[in-house]
Structures are given as C-alpha cells and as structure tokens.
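Notes for the one structure printed next.
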There are 2 protein chains.
Amino acid sequence: MDAPDWPRFAVTVDLVVLTVRAGRLHALLVRRGEDPWRGAWALPGGFVRPDEDLHDAAARELAEETGVHQAAGHLEQLATYGAPDRDPRMRVVSVAHLVLAPDLPEPTAGTDAAAAAWVPVDEVAAAPLAFDHARILADGVERARAKLEYSPLAAAFCAEEFTVAELRAVYEAVWGRTLDPRNFHRKVTTTPGLLVDTGERRAEGRGRPAAVYRLGPATTIAPPLSRD
Amino acid sequence: MDAPDWPRFAVTVDLVVLTVRAGRLHALLVRRGEDPWRGAWALPGGFVRPDEDLHDAAARELAEETGVHQAAGHLEQLATYGAPDRDPRMRVVSVAHLVLAPDLPEPTAGTDAAAAAWVPVDEVAAAPLAFDHARILADGVERARAKLEYSPLAAAFCAEEFTVAELRAVYEAVWGRTLDPRNFHRKVTTTPGLLVDTGERRAEGRGRPAAVYRLGPATTIAPPLSRD
DNA sequence: TGTTTTCTCGTCATGACGACGATAAGCCGC
DNA sequence: GCGGCTTATCGTCGTCATGACGAGAAAACA
C-alpha cells in the first residue's frame, strides 16, 4: 500500500552564523575540501540524520563543525532552499538556520571542517561562496538586521551581562551606521521589561563606568528601533 | 565516490491558504481520504517532484488540489517542519507555504481533494487537524497578522482595485478587531506610494461612494500600523 | 589639578497617532 | 422633494516617541 515510489531527497542544514568582532559583523565560513566547489568558502552545514529534528541537526552541526556551543546565543530557522540544480550531484533540500553568537574566545576551533574563519560580511562578495550560499547568507544578514528593530535579539551577540554601550555597538555593527548614544540609552532603558539593572557597574578603560544590565522578560520592542 | 548512503527523505509542500469571507478570516482545508488521519481536516499539499522548485511545487499543488490559481494573491514560503515522528509512515520534511488570496468566486472547486472547504480560523480548534497542521496553520496566521503591520500585503486579499473600506475590512478580519475608519483612512492615504487613486469611485450600496485605489510602488509601511 | 573620555539625564521641536467632531455625498422611505 | 440614515473624507486636539543637542557625572590620564 505504501509503495516507496515517492521522490527521495537529501536534506541538509546550512548555518548562517553571525557574530560581532572588532565593531564589524562577521559570518562564520568554512573552506570546502571536496568537489564540487573544492577550495571555495561555504556555509557550515551537513546532512540531517534519519531520526533527528531539524533544529537538533542545526545545533549538532554547529557544535561539530565549528566548535560553537549554542549555550549562549540564538538559533532559529531561516528558510529552505531547494532549487533542483542547486547541487550538481543530487537533489538536495537545505533548511538554512540563523545563529547569532557572542564573540567566542576560541574563534574557529573546528573539529571537522578543513578550515573555518570569521569573515566580515561586507567582504564576502570578494570571495564567491559555494552553491547558493551567497543568497542564503544575504537572507540571514537581512533577517538579523530586521529583527534587531523589534526584538531583544541584539543581546544574543553579547555576554549574559552587558552595558548599554556594548548593546549599542552591536546595533552599530549589524546596521553599519552610528546611533546617538543618548537617544539609544533612553530608548532601551525606558522600554519596559527590556533591561534589568544588575546594580553592578563596570569601567571599560576610559570614561565613566557604565551600569551593567541583563536581558529582561520583554520579547518585543514596540515601537521598534528604526534603522532608516 | 558518491555512495548513495545519505539519509533520504520525502519532501512535501503544505499550504496555508487564507482568505477573507463575510468579514472573517478563513483557511482552506481538505478532508483526508486516506490513512493515517482518514477523515480528518488537513492542509492541502503534496509531494515535491524530482525536478521541481519548492515555490513551483506550492503553486502547482495550489492549483491542482484547490482550483485556486495564483494569478491574484500572494505566495511565500512560511517555514519547514521536519520532526522525525510527524508522519508515522515515513520521514517527511514539509516546506509550508503561505497563500493570501482574494475571495474566489469558485470557493472549493477541488480537482483532486475529496472535499475542500473554507473554515473560519477561529473555528478550526473545534476540528483537530491532521499531523502537525494545527501548528503550521497557527504559524501561518500569525505570519499574516504580523505582515499586515508593515507591508502592503493586505491588498492580496482584495481585487486589483479596491476602496479604503475594503482594505480596512481585511485588517479587521485578519486582526479580529475594529479600526477607526478615519485614522485608518489617514494612515493609508498619506503613506507615500502605498495607494494610487484610479479616479473612479464606487458606491457599495448605502453611503457616500468611495474612491477606488490600486496598490502603489511602496513595499513597506513605515512606521507600521499597530494591532496593539 | 586640569583634560579627555564616556555615561547619563534634560530640553526642545517635530511628527505620528488615538479619540473624536464635522462635513460631503450617496441611498431610502414617504 | 425632503428629511433621515449610512458611509466616506477632512480637521482638530492632546499625547507620546523621536532626533538633535546641551550639560552634568564619574572615571582614566597627563
């Protein structure tokens, strides 16, 4: 009755892993060791196992291939890419996921990948990506930029405790523009439930020490911040 | 070299088809004619063909199974659902799509489906859906509600030419709340590029005839409408 | 002890919005 | 034809959020 004559596909997860380093938005890329696209940069990813949920597969590949453990940070599904010719070997449907991670101490400690590197997203155009990964990366970056407007997701780029200036630096790096420190401070500190003051304060070198906050229970920023 | 030992999955598309009828948001559901879940309501959908893009598969299934041609309306990818046990027969990964369609003259002229019907979304809870389709439908409805805030997508529920009152009726049906006609009128008519006045006006029974508009080139509504 | 740097609080004008009044322009029943 | 009803459209007003910017607070540095 259940004749297995349905078309069969390979299903993979691809990962758009973003972080903020040195004031710039970076993506995690790996260098391919096999054909096709041998030697080209690609998004980390791999095949989904037979009894594995998509989300679990993404988290596993993240840990396996990049050494990034999703303890901190944020993982969400991005979109699915399934053009018939996107992989010349076979029919592959890839469920792309978006990861926002704080800048890790171990930058590219990959177990599996030939080489992994953080690449500034505005320099990726110079190094063509394998398959349709350029499009996937662009979609992931756009999703991240959009979500910072109305969600507290910027904190996923920070440590658990952070200052307003650190949070603002995330926005400036992701959006590629400067924000007025005073208006930004007013916005994030007066949005109810967004930030919780830990009472501590921290001096980052020069200047007056900043209050240290932790993320509050708010899930949205309404009205949103605007990137214009 | 390419040993075909990768896990193989069946890939389907499922459709969340929404329309506004009689002032209420409806979803298009089909009644299943096969086990499992025989006799239960389900989302329309089907298997992706070996050489077919995901978007094309969704459009094909929409036409085949529901008789809805996507000439008017809007089709976008929603999300992908791939829990290992979501279908007891086999490992199925489903790429859900969201369709927003104007109220069609032929409501449920299905070619393939045993029975298809428009069901008000707030009555779906009374009739449990097959598989994880309740979750998919909820995600689709939430996506539609959210997108009306900042995009001109409400017009996808209308004919090509429409009045401000018709557009407002869409918002009220999708959001399940009333909006002030005067403030709504001000918002949509003063947002640059959102509406183009056709010069015509149309009398819908009682009351002063309304100006007839067509969608303009604007792609976003900023600042957004708020559903509170 | 200044000077610089950064954090934080205020001020002010502008713009968008919710609540609502008022007018315009068509139906309907008599 | 004439009010009455209904809907569309235009205005007004107070409130709130915002961008631009001034100014004080609190540290490091010379």
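No hydrogens, no waters, no symmetry mates; every other heavy atom, side chains included, goes into these values. Just so it is clear: chains get the letters A, B, ... in the order the sequence lines come, proteins before strands, and each one is counted from 1. All of these numbers come straight from a predicted model, not from anything done at the bench.
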Would you kindly compare B:Ser226 and B:Ala203 by the position of their nearest DNA chain C nucleotide and give the one closer to the 5′ end? B:Ser226

Quick test of your reading of the model: are A:Glu161 and A:Arg202 salt-bridged, counting only N-O distances below 4.0 Å? no

Want to settle it: does B:Arg208 or A:Thr190 sit nearer the 5' end of DNA chain D, counting the closest nucleotide to each? B:Arg208

Which comes earlier along DNA chain D counting from the 5' end, the contact point of B:Arg186 or that of B:Pro181, where each point is its nearest nucleotide? B:Pro181

Whole angstrom value for the distance that separates [atom2] of [N] from [atom1] of [X]:
X        : N      : atom1 : atom2 : result
B:Leu195 : D:dA8  : CG    : P     : 14 Å
B:Tyr213 : D:dA8  : OH    : P     : 11 Å
A:Asp180 : D:dG22 : CG    : P     : 11 Å
A:Arg227 : D:dT18 : CZ    : C1'   : 18 Å
B:Arg201 : D:dA8  : CZ    : C1'   : 9 Å
B:Phe162 : D:dA8  : CZ    : P     : 14 Å
B:Asp228 : C:dA19 : CG    : C1'   : 13 Å
B:Glu200 : C:dA25 : CD    : C1'   : 18 Å

Nearest of [options] to any side-chain atom of [X]?
X        : options               : value
A:His185 : D:dG19, C:dA16, C:dC9 : C:dC9
A:Arg168 : C:dT8, D:dA20, C:dC7  : C:dC7
B:Ala165 : D:dA8, D:dA20, C:dA16 : D:dA8
A:Val164 : C:dT8, D:dT7, D:dT18  : C:dT8

Counting neighbours of CZ on B:Arg135 that are heavy atoms of other residues, nucleotides or ligands and sit closer than 6.0 Å, is the number greater than 12? no

Inspect the surroundings of CD in A:Glu160 and state if more than 12 heavy atoms from other residues, nucleotides or ligands are less than 6.0 Å away. no

Is the shortest side-chain N/O distance from B:Lys187 to OP1 or OP2 of C:dC17 below 4.0 Å? yes

Does [X] reach a base, just sugar-phosphate, or nothing at all? Heavy atoms under 4.0 Å.
X        : answer
B:Ala210 : sugar-phosphate
A:Arg182 : base
A:Arg202 : nothing

Mark yes or no: B:Arg31 above the aromatic ring of B:Trp41, with NZ or CZ under 6.0 Å from the six-membered ring centre and no more than 45 degrees from the axis. yes

Could you label the plane-to-plane angle of the B:Tyr171 and B:Trp175 rings as parallel, tilted or perpendicular, counting under 30° as parallel and over 60° as perpendicular? perpendicular

